[in-house]
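Small disclaimer: the values here were computed from a predicted structure and weren't measured. Letters go in sequence order (proteins before strands), and every chain restarts at 1. Excluded from the calculations below are hydrogen atoms, water molecules and symmetry mates; all remaining heavy atoms, backbone and side chain alike, are included.
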Amino acid sequence: MTTSTLTLAKALNAGLRRALADDDHVLLMGEDIGKLGGVYRVTDGLQNEFGARRVMDTPLAESGIIGTAIGMAYRGYRPVCEIQFDGFVYPAFDQIVSQLAKMHARTRGIVRLPLTIRIPVGGGIGAAEHHSESPEAYFAHTAGLRVVSVSNPQDAATMLRQSIASDDPVIFFEPKRRYHLKGEVDDAVALGDAMPLGAARVALARTGDGPAVTLVTWGGLVGVAMDAALAAADEGVAIEVIDLRSLSPIDYDTVSASVRATGRIVIAQEGPGEAGLASEIAAVVTERCFHFLEAAPVRVTGHDVPYPPAKLEKHHLPDLDRILDGVDRVLGRHGAQAPAPPAAVR
Amino acid sequence: MTTSTLTLAKALNAGLRRALADDDHVLLMGEDIGKLGGVYRVTDGLQNEFGARRVMDTPLAESGIIGTAIGMAYRGYRPVCEIQFDGFVYPAFDQIVSQLAKMHARTRGIVRLPLTIRIPVGGGIGAAEHHSESPEAYFAHTAGLRVVSVSNPQDAATMLRQSIASDDPVIFFEPKRRYHLKGEVDDAVALGDAMPLGAARVALARTGDGPAVTLVTWGGLVGVAMDAALAAADEGVAIEVIDLRSLSPIDYDTVSASVRATGRIVIAQEGPGEAGLASEIAAVVTERCFHFLEAAPVRVTGHDVPYPPAKLEKHHLPDLDRILDGVDRVLGRHGAQAPAPPAAVR
Amino acid sequence: MPEPIRLLDEHGTRHASEEWDPWIQDLDDAALTSLYEDMVVVRRIDTEATALQRQGELALWPPLLGQEAAQIGSGRALRSDDFVFSSYRENAVAYCRGVEILDLVRVWRGLTASAWNPFEVGMAAPQVIIGAQTLHATGYAMAIQHDQVRDGVSGDSAVAVAYFGDGAMSEGDVGEAFVFASTFQVPVVFFCQNNQYAISEPVRVQTHVPLVDRPGGFGIPGVQVDGNDVLAVTAVTRQALDRARSGGGPSFIEAVTYRMGPHTTADDPTRYRDPAELEEWGARDPIARLRTYLEERGAGPELEARAAEAADRVARELRAGISGLEDPPALDLFAHVYAEQHPGLDRQRDDYARYLEGFAQEGPAL
Amino acid sequence: MPEPIRLLDEHGTRHASEEWDPWIQDLDDAALTSLYEDMVVVRRIDTEATALQRQGELALWPPLLGQEAAQIGSGRALRSDDFVFSSYRENAVAYCRGVEILDLVRVWRGLTASAWNPFEVGMAAPQVIIGAQTLHATGYAMAIQHDQVRDGVSGDSAVAVAYFGDGAMSEGDVGEAFVFASTFQVPVVFFCQNNQYAISEPVRVQTHVPLVDRPGGFGIPGVQVDGNDVLAVTAVTRQALDRARSGGGPSFIEAVTYRMGPHTTADDPTRYRDPAELEEWGARDPIARLRTYLEERGAGPELEARAAEAADRVARELRAGISGLEDPPALDLFAHVYAEQHPGLDRQRDDYARYLEGFAQEGPAL
Ligand SMILES: Cc1ncc(C[n+]2csc(CCOP(=O)(O)OP(=O)(O)O)c2C)c(N)n1
Ligand SMILES: Cc1ncc(C[n+]2csc(CCOP(=O)(O)OP(=O)(O)O)c2C)c(N)n1
Ligand SMILES: [Mg+2]
Ligand SMILES: [Mg+2]
């Protein structure tokens with residue numbers, strides 16, 4: 001039996017251990033992932049177990065990490081790169097967008113770059129500047145990448161193994177605020193039997209027959225969404241929570257099926273709203289479900305501001321109340337925040 | 001009189017000349033902008049006129065260009081940086097996203113970074129890889145930046161001067177395929193009298209009383225959109241073309257006013273659809289105009305693929321026919337591309 | 001490998017140097033005592049801030065313990081019209097620039113991303129993105145040069161100073177900063193504190209050869225200095241500043257020192273660091289050696305007493321002030337994103353203000 | 001400043017060198033003739049491709065005119081298991097790797113972003129993003145090293161070779177490549193063709209000192225070679241390869257040469273280049289000096305004749321093939337974006353296929 005109770009961070013560790021053991025082309029690269037085991041201890045013990053060649057502390061240079069990992073993949077390796085925090089991925093943006101994402105298309109399918117880029121993501125942890133970013137949309141807008149975000153320990157272990165096994169590059173987001181969440185984890189699930197990497201999960205099915213709402217989110221907000229659903233249930237509102245899991249591609253079949261049933265959708269994300277994933281989801285759902293919609297999709301997002309200092313993050317991040325406010329709005333309920341009058345254009 | 005007939009490229013040149021002459025804190029930085037005058041000759045003659053200190057050829061390093069321009073702005077300069085082609089902005093992404101966009105908020109308004117970053121943008125010119133990108137959405141998703149895209153010579157001259165005069169950083173997109181477009185240009189318009197930088201323009205008002213559609217686009221596609229509107233008019237469809245001009249913020253008052261009147265919107269963009277600006281516009285318009293909408297907003301966009309080799313770009317870029325197909329779809333017309341059946345999720 | 005420049009060794013013995021002594025000949029007892037007090041004070045700030053973090057008053061703190069000489073020696077060499085672009089660890093430099101004690105901790109309490117007015121103290125907001133500030137410093141130096149040309153003056157210019165660590169040497173931005181600084185020959189000093197670690201990574205992960213070798217390949221002169229020797233640090237910094245002021249272009253300084261504490265209060269260095277190494281470097285303490293030297297020069301017990309008093313004063317100021325620090329109001333979120341009006345964000349601010357009001361009046365939604 | 005390594009000067013005079021001659025002692029008349037022919041052939045490819053661009057058969061072409069010795073000398077020094085990561089200008093290197101003539105032009109006709117199978121020829125797709133490929137080469141070399149350790153072998157390894165220009169030296173990625181290569185001591189050769197220009201910018205915009213100084217600061221040995229001397233280029237490349245193969249780590253070569261043509265066919269160098277400079281460098285032509293030398297060694301008119309014949313053959317192949325090159329089918333757009341199935345993109349492909357069909361059947365919309 002391989003099941004045990006693990007935190008999300010330990011589940012990732014177990015997934016990495018299994019991937020390293022299963023395929024000696026897998027190797028880990030990043031800053032402080034060796035002796036330290038990463039600032040979140042996700043790689044704890046792995047250098048000891050697999051050696052400094054397969055679990056490599058790299059120089060402090062993110063473009064260098066991704067660029068050399070691409071070179072290693074050219075020769076058959078499957079590098080798993082850790083970016084220490086979300087805000088430190090931007091120095092590698094060029095290598096990711098212009099090289100990693102495009103190489104398979106550039107070479108007409110000859111060169112495969114099965115990199116996995118692990119990125120601790122999001123806020124809610126009272127961190128310093130650049131440590132609470134939600135850059136999902138940048139990568140979802142980049143053709144050639146797959147983008148996933150895990151929300152629970154079992155998905156963490158399995159989806160990480162699936163990402164590493166994928167012949168496509170995968171941007172793998174790990175919500176920091178859930179690293180310590182515990183759950184039962186089987187770290188040896190047969191990947192073929194597991195839910196596909198690209199599939200969304202109905203995290204909470206709708207019950208009761210009051211007014212119904214589909215609530216779509218991922219990663220760090222899944223827990224908040226579940227709480228909101230429970231609170232709404234007390235008031236007779238039936239919320240179906242969808243944990244998107246894959247942000248590119250998005251499993252619109254699952255989302256659309258739910259919206260066709262509920263007629264209403266709220267999308268919650270941490271990142272700024274403008275040109276974010278919530279907008280993408282709202283647009284596609286409107287296209288696919290227009291005649292089923294009772295109200296316009298409601299987006300509950302971070303504001304269009306740079307991530308604020310820790311003492312203000314509670315006002316920036318969608319929380320239970322803001323999500324419930326979104327639910328109120330999509331239900332057209334009195335007391336919900338009214339749409340603002342048109343602002344003057346400067 | 002300062003009005004003359006200029007190409008869009010020459011209009012930019014005139015705008016730069018005027019900005020350099022008006023304010024000696026303005027200076028130009030970039031690769032090959034000196035003697036060569038830039039690969040598109042936008043800075044032609046300016047080094048001769050203003051000297052190599054104010055029109056500076058820089059080392060070949062985009063992060064260095066933006067990073068040092070930030071330092072110059074700290075001391076009161078207003079740098080106008082040229083990124084040679086859209087695909088070469090990514091090495092500077094970190095300096096743009098983590099520094100330029102955040103500095104004003106970081107310093108609680110004390111440090112202003114009035115940079116203008118000029119970027120030739122988009123495809124349709126048969127260019128090599130990385131020379132036809134449409135990265136607008138990356139920047140629109142980044143709080144703290146303003147993003148504009150010009151479509152005609154007069155806007156080119158005026159909006160460039162407005163961008164340089166703005167105390168906020170502005171990402172200034174210049175559609176390559178329209179560099180040679182000619183028009184009357186007054187390069188000395190009083191900036192206060194001009195249409196505000198953030199305002200959209202109704203490029204073609206709706207006429208006739210057939211079925212009506214709002215067509216929103218910007219930059220390189222404005223010409224195609226106008227052609228499409230003319231073609232549609234022949235068939236009795238009244239299209240109102242909105243040239244967005246500002247991509248962040250977006251002038252939703254103008255867009256919404258049109259959609260409230262037409263009940264239908266098509267949004268055309270060159271960039272990939274996923275998490276692009278067309279999705280953002282569709283989502284916001286749905287929010288603000290839900291009860292006016294006769295059909296779901298239709299997005300006509302580049303496919304979610306890396307920009308293809310030149311011989312395939314005609315299949316990638318929205319052209320007149322694809323825009324008209326979008327118009328057909330938003331009108332629910334027979335023969336329009338039917339929504340695909342749900343695809344299986346892998 | 002030549003030894004780093006050292007004027008005061010770990011035993012407090014002063015070594016004469018024809019080359020470097022002229023740069024510090026003005027440092028009399030009073031000046032030395034003042035440097036000593038500065039180091040004691042900033043060490044105390046570090047201790048206090050670390051304690052405040054443990055007590056939950058700060059979210060995090062990046063100690064500079066062990067790096068006092070590197071930061072005080074260089075920081076005190078600067079002129080008020082110079083401009084510093086630093087990382088998060090240069091609290092002693094900020095202290096030299098005249099930053100208020102409470103302003104040193106605001107960022108780490110999560111109140112703001114930058115606590116002081118850069119233009120008042122001549123020092124930018126602390127930089128978290130490793131190496132990014134080296135380009136800002138270079139650009140600032142380009143601007144100094146532009147100003148001089150525009151104003152038709154030359155010589156005695158202000159200088160931009162970039163502070164960064166050994167780890168930062170690997171970032172592409174730092175290489176590009178060297179390129180721009182070298183090409184344009186601008187007045188910038190690159191001050192690299194090699195404290196032997198980038199979080200857990202020893203400096204050998206970043207380089208195969210001494211870091212001081214790096215700038216030469218870009219045409220930038222570099223010196224390696226004992227970063228725990230405040231005299232030597234002062235001397236080399238003054239030389240580099242002087243070169244910059246007089247139109248001699250950029251310089252690089254590698255201050256060889258050691259981070260005696262954790263990377264930040266969130267770090268556990270026992271996972272990656274040998275206690276013997278810590279002990280070895282403890283014996284090279286920058287403060288102890290200056291005290292020995294001053295005592296040899298005749299300083300009495302009042303040296304210690306006065307320094308302790310200054311440190312106590314600062315500690316009291318910090319403790320007294322910290323509880324009075326107020327959280328920013330919610331709508332501050334929107335206040336400074338743009339310098340000019342922004343209808344999109346104004347609308348979000350108004351919506352959120354309405355939401356907060358409704359919330360206050362009606363309680364939670366649903 | 002020392003002179004670059006030169007074994008054959010611009011007059012075709014051979015200069016003996018104790019250090020370098022051993023690296024090329026196997027180069028007999030046949031081998032030299034073969035290098036000569038290669039250079040003549042690639043120059044002809046350049047001429048033909050430039051002409052094809054003018055005729056509208058190609059959208060663009062980046063000539064290597066003047067850089068034949070740098071590319072043929074180094075390219076011919078490689079082994080088949082070595083792996084090249086180059087920029088867009090290394091068509092002569094690609095020729096050495098065995099790339100088909102027509103495959104050299106497909107990219108520039110806009111048919112594809114990479115025309116050959118990198119694994120068949122040991123050379124990656126040409127890189128347009130300046131400097132990016134140096135990291136790929138370094139990573140590939142890290143993989144070679146990993147393979148050796150895993151397989152328990154050492155010595156005689158394959159080598160990764162990065163080709164890039166003088167302009168690329170300023171990009172942060174190249175600095176980071178030096179850092180990684182140095183830290184991990186991997187078998188990579190950095191081959192920098194300093195052709196004096198990055199488009200219009202003379203190399204002094206990129207650096208204040210010779211480029212060859214740069215790698216030393218990272219702990220990477222560097223040599224500067226006359227890039228128009230195919231013998232010297234061969235020698236220094238072989239030495240660097242040998243060092244890499246035997247576990248000696250990375251090397252850097254600055255091949256000093258000149259871009260005799262425009263940056264690309266879209267460029268107008270008269271805007272920024274002095275004709276006198278062009279003339280000066282024309283006198284240092286790499287092909288002419290080898291011909292002189294071979295003639296001195298007794299080569300007769302058949303040297304020219306045979307080379308011309310080879311060049312004609314290649315030119316004919318190019319001209320014959322070009323008109324037969326077919327545009328890719330529309331749905332190729334979607335074919336290779338992902339290695340694995342992707343429902344989102346499959347849907348887009350199907351939608352677009354339906355659109356094209358509808359279009360074919362019904363004509364344009366509306
Ligand atoms: C671009 C970037 N990558 C990674 C980090 C995470 N990080 C914070 S401090 C640090 C080590 C910095 O080491 P060094 O430059 O030696 O400075 P020191 O902390 O020793 O003063 C790292 C990797 C970061 N802040 N920015
Ligand atoms: C990141 C990036 N920035 C800018 C460009 C535009 N560009 C193409 S070639 C070139 C000059 C390159 O000079 P060099 O490295 O000397 O190579 P050469 O063309 O001389 O062979 C520039 C600036 C680019 N391709 N990539
Ligand atoms: Mg350090
Ligand atoms: Mg060049």
Who wins among [options] for the most heavy-atom pairs under 4.5 Å with chain B?
options	answer
A:Val285, A:Val298, A:Asp304, A:Val97	A:Val97
A:Ala257, A:Gly144, A:Ala105, A:Ala140	A:Ala140
A:His291, A:Gln95, A:Arg106, A:Glu62	A:Arg106

query = Quick one: CG on A:Leu247 to CD on B:Glu274, what's the gap to the nearest 0.5 Å?
reply =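 So the gap between those two atoms works out to 9.0 Å.
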message = How long is the straight-line distance from OH of A:Tyr90 back to OG1 of B:Thr142, given to the nearest 0.5 Å?
response =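 These two atoms lie 7.0 Å from each other.
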So which part of [X] gets closer than 4.5 Å to some heavy atom of chain B, the side chain, the backbone, both or neither?
X	value
A:Phe290	side chain
A:Ser256	neither
A:Ser63	neither

ask   = Is there side-chain contact between B:His130 and A:Lys102, with heavy atoms separated by less than 4.5 Å?
value =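 A side-chain contact exists here, since the closest heavy-atom pair is under 4.5 Å.
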ask   = Does A:Arg299 reach the side chain of B:Val284, with side-chain heavy atoms less than 4.5 Å apart?
value =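 They are in side-chain contact.
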I'd like to know which of [options] tops the heavy-atom pair count under 4.5 Å against chain A.
options	result
B:Ala275, B:Ala283, B:Ala282	B:Ala275
B:Pro308, B:Ala295, B:Gly273, B:Pro135	B:Ala295
B:His104, B:Glu133, B:Glu136, B:His303	B:Glu133

Side chain, backbone, both or neither: which part of [X] has a heavy atom under 4.5 Å from chain A?
X	value
B:Leu293	both
B:Glu129	side chain
B:Leu145	neither

Which pair of heavy atoms, one from [X] and one from [Y], lies closest together, and at what distance?
X	Y	value
A:Thr286	B:Pro297	CG2-CD, 3.8 Å
B:Ala101	A:Pro306	O-CG, 4.2 Å
A:Glu280	B:Ser279	OE1-OG, 2.6 Å
A:Ala137	B:His141	CB-NE2, 3.5 Å

query = Could B:Arg329 and A:Glu287 be called an ion pair, given the rule that one side-chain N must be under 4.0 Å from one carboxylate O?
reply =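 Salt bridge: no.
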